[in-house]
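Notes follow the structure.
In listed order, ligands and their atoms are each counted from 1.
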Amino acid sequence: MKTDVLPDNPYVLLTPGPLSTTKTVKAAMLRDWCTWDNEYNEIVQGIRSRLVQLAGENTDAYTAVLMQGSGTFCVESVIGSALPQDGKLLVLTNGAYGQRIVQMACMLGIETIAVDSGEITPVDIERMEEYLRQDASITHVAVVHTETTTGMLNPIADVGRVAKAYDKRFIVDAMSSFGGIAIDVLKLGADFLISSANKCIQGVPGFGFIIAHRDALAECQGRARSLSLDLYDQWKTMEEQNGKWRFTSPTHVVRAFDQALRELEEEGGIERREARYRSNQRTLVEGMEQIGFCTLLEKQSQSPIITSFYYPDSPLFTFEEFYDRLKVKGFVIYPGKITVADTFRIGSIGDVYPEDMERLVEAVKQNRFW
Ligand SMILES: *Cc1c(COP(=O)(O)O)cnc(C)c1O
């Protein structure tokens, strides 16, 4: 088992990020790195080109831009930089992260249509198509791939097909899936695909990245509604100055990310990592179901990233006690985030293996207080 449970690292994170990382990823941060010289810039350039390679088979038309901040900053930089003044955004929502896109677009003064399908149903492509048919002023379509709120895997290939049939720019929040689920940006027709350092690539938090079609990115010149989140300007600086960030770059986090990418390659790439995550998730669900827990989502829309479970049907159960007991045993889980049912969530991503899930299930069994 590679997972470290060191004295100073007393639990495994079974959360949607930040997540458990390897000792070697953390060790990459244990020295000070110059940010100005070629050596550092080469690392940045290497990361950018490897990210593009990870995004599908035929990605010559794509580039990668790194952006300071958490994942939300990167989503906001895309929304605020891609939409023209007279643009109109359609967002398919079925959870908090889709709603966050709607919220940021509204705050930026962008005309926005939310096509909501509740919390436990995949996004509504039929209704989206109706809007696109009737409203030619819509310029962009946005959707979340894995809606981390529940663990729902949205059918982004179908969304992309319809968005492209109507010639719209297509934005995908693949924050919690990129690196853990194979994605092909060209086949998807994705113009902007967003993810961050601390999810399935298994780095630490501090920056995110946008894999963008060069044509779509070129259109963003002069559109940004924020200086620091200007995606076009960030790209231009990185491109023209060989990997330089416009403002202070998170050097340690970038080094850790470089190491994390190396470890993804060593593991055998995204397909192998996806297989491990699937195996983690299967082990988790099988074990929890044996104890009597039920999953929130139907199997066909369940991602291998994070799983929502209903609370057991007992007045004795509280999430707080469940959480505390598992934490003492070395596992940190996650509260639920939906309104229609009482749930908690357990992540299956990070430097976590099926054996860890077996240990977790055993800990749940032995701490049954309800
Ligand atoms: C994690 C996540 C984000 C970004 O959240 P931050 O807290 O800003 O890193 C956005 N969308 C999805 C689907 C996520 O899972």
Side-chain angles (χ1 to χ4, degrees), residues 13-21 65-80 82 89 91-105 107-108 114 116-117 119-120 122-123 141-156 159 170-181 183 188 190 192-211 226 228-229 231 250 253 256-257 260 274 277 281 296-297 301-308 332-338 343-350:
L13 292 171
L14 299 175
T15 58
L19 25 84
S20 289
T21 57
V65 190
L66 314 185
M67 181 65 83
Q68 294 94 333
S70 85
T72 304
F73 292 60
C74 298
V75 178
E76 194 154 356
S77 97
V78 170
I79 301 297
L89 176 67
V91 190
L92 294 146
T93 62
N94 55 358
Y97 292 101
Q99 277 159 15
R100 190 177 292 177
I101 299 178
V102 174
Q103 191 187 1
M104 65 177 64
M107 284 193 75
L108 292 166
D116 188 58
S117 52
E119 291 175 318
I120 53 172
V123 291
V141 170
V143 70
V144 176
H145 187 201
T146 296
E147 184 41 272
T148 319
T149 312
T150 52
M152 169 87 65
L153 190 63
N154 279 316
I156 52 171
V159 176
F170 183 34
I171 300 166
V172 181
D173 171 349
M175 204 70 65
S176 59
S177 56
F178 186 79
I181 300 177
I183 293 176
L188 272 184
F192 301 93
L193 184 128
I194 309 142
S195 187
S196 80
N198 62 285
K199 297 216 173 169
C200 298
I201 305 284
Q202 297 182 188
V204 301
F207 75 92
F209 52 89
I210 295 99
I211 294 163
S226 151
S228 53
L229 296 178
L231 182 65
V253 178
F257 190 76
E274 179 173 346
Y277 288 173
Q281 202 265 345
L296 173 73
L297 300 177
S301 48
Q302 172 66 56
S303 72
I305 305 297
I306 188 165
T307 308
S308 295
V332 166
I333 64 164
Y334 224 53
K337 204 176 179 162
I338 61 165
T343 57
F344 60 87
R345 291 175 288 171
I346 300 181
S348 35
I349 58 178

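- The protein non-hydrogen atom at the shortest distance from atom 3 (C) of ligand 1 is M175 CG, 3.3 Å.
- With hydrogens and angles ignored, the 3.5 Å screen pairs no side-chain donor or acceptor of T72 with any backbone N or O of V75.
- In this pair, F207 and F257 present their aromatic rings perpendicular. The plane angle is above 60°, beyond the 30 to 60° band.
- Atom 11 (N) of ligand 1 has as its closest protein heavy atom D173 OD2, 2.7 Å.
- Not a single N or O atom of S196, backbone or side chain, sits closer than 3.5 Å to an N or O atom of ligand 1.
- The shortest distance between side-chain heavy atoms of I194 and I171 falls below 4.5 Å.
- Close approach to V144 involves these atoms of ligand 1, each under 4.0 Å from a residue heavy atom: 13 (C).
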Inset, instruction - Apply side chain to side chain contact (heavy atoms under 4.5 Å, CB included) to the pair V159 and N154, showing each step before the final yes or no. - result: CA-CA 9 Å; V159 176; N154 279 316; over 6 Å; no

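- Distances below 4.0 Å separate heavy atoms of S176 from the following atoms of ligand 1: 15 (O).
- Counting atoms of ligand 1 from 1 in the listed order, those under 4.0 Å from a heavy atom of G71 are 4 (C), 6 (P), 8 (O), 9 (O).
- In this structure, the side chain of S20 engages the main chain of L13 through a donor-acceptor pair within 3.5 Å.
- Residue-ligand proximity, T146 to ligand 1, at heavy-atom distances under 4.0 Å covers atoms 13 (C).
- Heavy atoms of E147 come nearer than 4.0 angstrom to ligand 1 in no pair at all.
- Protein heavy atom closest to atom 1 (C) of ligand 1, with residue, atom name and distance, is K199 NZ, 1.4 Å.
- Considering backbone and side-chain N/O atoms, Y97 never comes within less than 3.5 Å of an N/O atom of ligand 1.
- Checked options L193, V144, V143; the residue passing with D173 is V144 (criterion: side-chain contact (heavy atoms from CB on, under 4.5 Å)).
- Distances from atom 13 (C) of ligand 1 to the heavy atoms of T72, T148, I101 show the closest one on T148.
- Residue contacts with ligand 1 for N198 are absent, since no atom lies close enough (heavy atoms, distance under 4.0 Å).
- One distance of note links CG of L108 with CD of E76; it measures 5.0 Å at 0.5 Å rounding.
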Legend entry - Full working for side chain to side chain contact (heavy atoms under 4.5 Å, CB included) between L19 and N198: CA-CA 7 Å; L19 25 84; N198 62 285; 5.9 Å; no

